[in-house]
Amino acid sequence: MSANETKKHFITDIIDGHAESGRFDGKVHTRFPPEPNGYLHIGHAKSICLNFGIAEQYGGLCNLRFDDTNPAKEEQEYIDAICEDLRWLGYDWDDRLYFASDYFDQLYEMAIELIQIGKAYVDELSQDEIRQYRGTLTRPGLESPYRNRPVEENLALFEKMRAGAFKEGEAVLRAKIDMSSGNINLRDPVMYRILDAPHPRTGAKWKIYPMYDFAHGQSDSIEGITHSICTLEYEDHRPLYDWYLDNIEIYHPQQIEFARLELSHTVLSKRKLIRLVQEKHVSGWDDPRMPTIAGLRRRGYSPEAIRQFCEDTGVGKVKGVVAFHKLEYHIRQHLNKTADRVMAVLNPLKVVIENYPDDLVEELEAINNPEDESAGRRKAPFSKVIYIERDDFMEDPPRKFFRLAPGREVRLRYAYFITCSDVIKDEDGEIVELRCTYDPATRGGAAPDGRRVKATLHWVSAGQALKAEARLYDSLFTVEDPEADSQKDFTDFINPDSLRVLYPVLVEPSLRQAKSGDRFQFERLAYFVVDPDSSPEKLVFNRTVALRDQWSKARKKGGGQARKKQRGKR
RNA sequence: AGCGAGGUAGCUCAAUUGGCAGAGCAGGUGCCUUUGGAGCACAAGGUUAAAGGUUCGAGUCCUUUCCUCGCUGCCA
């Protein structure tokens, strides 16, 4: 990981301001507060990096707190998965694992306090009526007829709510603020509602549950959080956050809002992710095409790459969409430095080297990682019959195709120069085999006479290669923004070719011991990771990301040379 | 004009708080070669949303206009 350089942005400016004014005695204490109603995704990663990162940067602490105030949506499975993903990303909260539900008793007392000072009341308007009384964006709301009940009556009714004497929807506790506020969050917001659902942690103890707004600020306060960092949608909630803390008169952290991460070619809302899972567009939350942390992990992404990516995208208040290729850039960057190279042929074409001894198997030395000498070397077996990539041969090559063709000499990586002498086809004219000759003097891949070839091909030896399955993943969506078209559902843009399974592909025998999670570069092709489905009997590799491919880029641009366009004069 | 937030290169962000608008990514051109990868070099990219004002000097301060986003859950 890169050095701990101190990143400056508008949030650190605010924190530095507090340090100067002495508001928090120079302390920095943040928190990451997920609701356990889904899996963490790349957007959360940004918030995680920010909260844990800032704490680390200022020598402070960051808590993990589950915002579990709505038992109707929350599950233990999600709590466990979130903890696992957080650890995998490399963050540690020591013993500072908290739940908003830890504070239900205290929150209840605070609510009673607000009732006692005449700032909260039990409302028995129906949900519909409350909506009507709320007014609209441009029209002020109306006060509830229950708004001015005496304190004693409110106390008694709230106790009845707690005791389960009301059914869901029959009563709520509301803060008495201002029904004509331009900020709708201040139009007597609901503090407590009745929910008849077992809570993953408190079980059946409670019939009433605090709303987010009534729980979050006070939870921050109880934990001694200094800077409560959240996303932009909560800007309008800050006055309410402040109101509760000021009226309950407890320690007051600072809420700060930043623009959450948006990524192209995917969706990040939990509502949509959960649909992808439930409607079986993907195999699960950890499907390698999902933007979840679990999905990215299974896709082969590394924590380092994800953290670098989050760092790179910066922190601001401007909403924007980060291109998916930026994520790919960072994983390539990391894997280039760390992944062992290996030879694998996805689409095999048989090659017989006619002048090579029939039964000889040579062990040729190959470099594991040219970027990292300490990765060492390995042996790759070579013999008379090998396989190369079908794409690496063309019978009638166009101008810029430098790979193998009839009569042409190329290098087999770490092995020999070979020259194609014959092309064998079946009755349909399909190429089934190549005949080549090799130059024994070029062993290891270098020509003593200094002659050069324009291409180096990867290969595997037929007798020793292992059969494996390769899962080639592509973008889950065909468009940059699957949510842009209001006429269509985002699932209409699912890429039908987002997964292609290849079997068998041929990989070099050094991969026999590869374990789930091991990452490799299949030379000249892509980075791959061993999938959890993999077994010694049948290796399974997921393609993380392809290498940048200038040949296919050039090919797409079309013909090429006659295209010296005149460039530039505005 | 309900309230709030925001507009700097194609994208994501900087600009020492009023002092010559810069990076990364993407795109372009070229070099290199035991990965057509990686790497290296170079060039290009801007009326800082617009207009006016203050100032020796404005991306930054003031005024106005335009545009974008969030908010009318007993979700978070």
Side-chain angles (χ1 to χ4, degrees), chain A residues 8-9 13 33-35 37 67-70 72-74 100 123 125-127 130-132 134-141 168-174 180-187 189-195 208-209 211-213 215-216 230-239 257 259 261 264 270-271 312-323 325-326 328-330 332-333 336-337 341 343 366-367 370-371 400-403 411-415 442 444-446 452-458 521-526 546-554 565 567-568:
Chain A
K8 290 311 219 177
H9 44 73
D13 287 348
E35 183 188 13
N37 67 343
D67 236 327
D68 56 347
T69 55
N70 185 359
K73 288 188 178 178
E74 296 154 6
D123 198 348
L125 250 27
S126 72
Q127 201 165 154
I130 286 184
R131 187 180 332 117
Q132 282 158 21
R134 185 157 33 229
T136 68
L137 294 178
T138 51
R139 204 187 310 277
E168 273 190 33
E170 286 183 344
V172 291
L173 184 71
R174 293 229 255 167
S180 62
S181 172
N183 181 346
I184 291 173
N185 291 305
L186 263 21
R187 317 241 266 230
V190 172
M191 294 164 58
Y192 270 91
R193 78 291 213 188
I194 294 161
L195 248 30
I208 56 173
Y209 291 91
M211 298 287 287
Y212 163 86
D213 286 301
H216 203 92
C230 59
T231 48
L232 250 28
E233 343 50 292
Y234 293 99
E235 266 170 339
D236 291 340
H237 293 246
R238 181 161 19 100
E257 310 87 10
L261 175 74
S264 75
K270 272 188 203 167
R271 239 187 72 73
D312 186 35
T313 53
V315 187
K317 292 189 79 115
V318 188
K319 293 177 195 188
V321 180
V322 178
H325 65 63
K326 193 149 201 157
E328 296 185 328
Y329 166 81
H330 283 285
R332 283 195 190 103
Q333 196 77 7
N336 179 45
K337 299 292 182 211
R341 273 59 167 171
M343 290 196 284
I367 294 167
E371 301 286 323
K400 284 191 163 174
F401 185 88
F402 299 141
R403 287 115 95 152
R411 171 169 38 239
L412 294 177
R413 176 144 237 226
Y414 301 125
T442 57
R452 320 194 82 142
V453 290
K454 292 197 111 168
T456 302
L457 272 38
H458 60 275
Q521 184 195 101
F522 289 4
E523 289 212 58
R524 302 209 305 137
L525 296 173
L547 298 180
R548 290 174 60 208
D549 182 353
Q550 293 177 28
W551 161 245
S552 74
K553 208 193 280 178
K565 68 319 32 218
R567 70 123 91 86

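Below, chains carry the letters A, B, ... as their sequence lines are ordered, and counting in each starts from 1. Side-chain atoms are counted along with the backbone in the values below, which use heavy atoms only and exclude waters and symmetry mates.
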**Q** Give the minimum heavy-atom separation between A100(A) and D68(A), together with the two atoms involved.
**A** N-OD1, 3.2 Å

**Q** Give the ring-plane orientation class for Y234(A) versus Y212(A), where under 30° counts as parallel, over 60° as perpendicular and anything between as tilted.
**A** tilted

**Q** In whole Å, what is the span from the CD atom of E523(A) to the C1' atom of U33(B)?
**A** 13 Å

**Q** Rounded to the Å, how far apart are H9(A) NE2 and U12(B) P?
**A** 17 Å

**Q** Output the rounded distance in Å from NZ (K317(A)) to P (G4(B)).
**A** 13 Å

**Q** Is U48(B) paired to anything, Watson-Crick or G-U wobble with both distances less than 3.5 Å, and if yes, which nucleotide?
**A** none

**Q** Give me, pair by pair, the N or O atoms of the protein and of nucleotides 23-25 of chain B that are less than 3.5 Å apart, along with how far apart they are.
**A**
unit_1 : atom_1 : unit_2  : atom_2 : d
G24(B) : N2     : K326(A) : NZ     : 2.7
C25(B) : OP1    : Y329(A) : OH     : 3.2

**Q** With a 4.0 Å cut-off on heavy atoms, is G169(A) in touch with a base, just the backbone sugar-phosphate, or nothing at all?
**A** base

**Q** Which pair of heavy atoms, one from I184(A) and one from R134(A), lies closest together, and at what distance?
**A** CG2-CD, 3.6 Å

**Q** Under 4.0 Å between any heavy atoms, over every strand shown, what does A446(A) touch: base, sugar-phosphate, or nothing? Just pick one.
**A** base

**Q** If we call it a pair only when both distances are under 3.5 Å in a Watson-Crick or G-U wobble match, what pairs with C31(B)?
**A** G39(B)

**Q** Any side-chain heavy atom of H325(A) within less than 4.5 Å of one from R332(A)?
**A** no

**Q** What is the distance, rounded to the nearest whole Å, between atom CD of E257(A) and atom P of A76(B)?
**A** 18 Å

**Q** By the 4.0 Å heavy-atom rule, please label R452(A) as base, sugar-phosphate, or nothing.
**A** sugar-phosphate

**Q** In Watson-Crick or G-U wobble terms, both distances under 3.5 Å, what is the partner of C25(B)?
**A** G10(B)

**Q** Give me the distance, rounded to whole Å, that separates G30(B) from G37(B) when you measure between the P atoms they each carry.
**A** 14 Å

**Q** Compare side-chain N and O positions of R193(A) against OP1 and OP2 of A76(B) and report whether any pair is under 4.0 Å apart.
**A** yes

**Q** Would you say a side-chain N or O of R238(A) is under 4.0 Å from OP1 or OP2 of G4(B)?
**A** no

**Q** Do L457(A) and R403(A) come close enough that some side-chain heavy atom pair is under 4.5 Å?
**A** yes

**Q** Scan E168(A) against the nucleic acid and name what it touches under 4.0 Å (heavy atoms): base, sugar-phosphate only, or nothing.
**A** nothing

**Q** Which value, in whole Å, describes the distance between the C1' atoms of nucleotides G45(B) and U33(B)?
**A** 30 Å

**Q** When the C1' atoms of G24(B) and C31(B) are considered, how many whole Å apart are they?
**A** 23 Å

**Q** Could you please name the partner base of C71(B), counting Watson-Crick and G-U wobble pairs only when both distances are under 3.5 Å?
**A** G2(B)

**Q** Determine the contact category for N336(A): base if any of its heavy atoms lies under 4.0 Å from a base atom, sugar-phosphate if only primed atoms, P, OP1 or OP2 are that close, otherwise nothing.
**A** base

**Q** Could you check which nucleotide pairs with C61(B) in any of the strands shown, counting Watson-Crick or G-U wobble with both distances under 3.5 Å?
**A** G53(B)

**Q** Indicate, with a heavy-atom threshold strictly under 4.0 Å, whether E35(A) touches base, sugar-phosphate, or nothing.
**A** sugar-phosphate

**Q** Which heavy-atom pair separates R524(A) from Q521(A) by the least distance, and what is that distance?
**A** N-OE1, 4.2 Å

**Q** For R411(A) and R452(A), indicate whether the former's side chain and the latter's backbone hold a donor-acceptor pair under 3.5 Å.
**A** no

**Q** What is the distance, rounded to the nearest whole Å, between atom CZ of R332(A) and atom P of G39(B)?
**A** 11 Å

**Q** If you pin K454(A) and G316(A) to their nearest nucleotides in RNA chain B, which one's is more 5'?
**A** G316(A)

**Q** At 4.0 Å (heavy atoms only), tell me whether V172(A) reaches a base, stays on the sugar-phosphate, or touches nothing.
**A** base

**Q** Roughly how many Å apart are A51(B) and G70(B), using the C1' atom of each and rounding to a whole number?
**A** 28 Å

**Q** Write down the distance separating the P atoms in G22(B) and U64(B), rounded off to the nearest Å.
**A** 32 Å

**Q** Have a look at V321(A) and say if it touches a base, only the backbone sugar-phosphate, or nothing, with a 4.0 Å heavy-atom cut-off.
**A** sugar-phosphate

**Q** Have a look at T69(A) and say if it touches a base, only the backbone sugar-phosphate, or nothing, with a 4.0 Å heavy-atom cut-off.
**A** sugar-phosphate

**Q** Atom CG of L457(A) to atom P of G37(B): distance rounded to whole Å?
**A** 14 Å

**Q** If we take the P atom in both U8(B) and A14(B), what is their distance in whole Å?
**A** 11 Å

**Q** Using a 4.0 Å heavy-atom cut-off, does S126(A) contact any base of the nucleic acid, only the sugar-phosphate backbone, or nothing at all?
**A** base

**Q** Would you list the protein and nucleotides 66-73 of chain B atom pairs, both N or O, that sit under 3.5 Å from each other?
**A**
unit_1 : atom_1 : unit_2  : atom_2 : d
C69(B) : O2'    : K319(A) : NZ     : 2.1
G70(B) : O4'    : K319(A) : NZ     : 3.4
G70(B) : N2     : D236(A) : OD1    : 3.2
G70(B) : N2     : D236(A) : OD2    : 2.6
G70(B) : N3     : D236(A) : OD2    : 3.4
U72(B) : O2'    : R134(A) : NE     : 3.3
G73(B) : OP2    : R134(A) : NH2    : 2.9

**Q** Let me know, please, whether A415(A) or Q333(A) comes out on the 5' side of the other along RNA chain B by nearest nucleotide.
**A** A415(A)

**Q** Where does U16(B) land, syn or anti, once you apply the within-90°-of-0 test for syn?
**A** anti

**Q** Just name whichever nucleotide pairs with A15(B), Watson-Crick or G-U, keeping both distances under 3.5 Å, else none.
**A** none

**Q** Out of curiosity, I208(A) CD1 to L195(A) CG, how far, rounded to the nearest 0.5 Å?
**A** 10.5 Å

**Q** Would you indicate what L125(A) reaches in the nucleic acid, counting non-hydrogen atoms under 4.0 angstrom: base, sugar-phosphate, or nothing?
**A** base

**Q** Over how many whole Å does the gap from Y192(A) atom OH to A76(B) atom P extend?
**A** 12 Å

**Q** I'd like to check the side-chain contact (heavy atoms from CB on, under 4.5 Å) partners of K73(A); sequence neighbours left out, ordered by chain and number.
**A** E35(A), N37(A), N70(A)

**Q** For P239(A) versus N183(A), what's the shortest heavy-atom pair and its separation?
**A** CG-ND2, 3.6 Å

**Q** Specify the closest pair of heavy atoms between A171(A) and I194(A), including all atoms of both residues, with the distance to one decimal.
**A** O-CD1, 3.6 Å

**Q** When you compare A23(B) with A41(B), how far apart are their P atoms, in angstrom units rounded to a whole number?
**A** 14 Å

**Q** Over all strands shown, is L186(A) touching base, sugar-phosphate only, or nothing at heavy-atom distances under 4.0 angstrom?
**A** nothing

**Q** Kindly indicate whether the side chain of P33(A), heavy atoms from C-beta on, has any atom under 4.5 Å from the side chain of H216(A).
**A** yes

**Q** What integer number of Å spans the C1' atoms of G6(B) and U12(B)?
**A** 16 Å

**Q** Would you mind reading off the distance between Y414(A) atom OH and G37(B) atom C1', rounded to a whole angstrom?
**A** 12 Å

**Q** Please assess I367(A) against Y414(A) for the test side-chain contact (heavy atoms from CB on, under 4.5 Å), listing each intermediate value before the final yes or no.
**A** CA-CA 9 Å; I367(A) 294 167; Y414(A) 301 125; 3.5 Å; yes

**Q** Give N37(A) one of three labels, base, sugar-phosphate or nothing, depending on what nucleic acid heavy atoms sit under 4.0 Å from its own.
**A** nothing

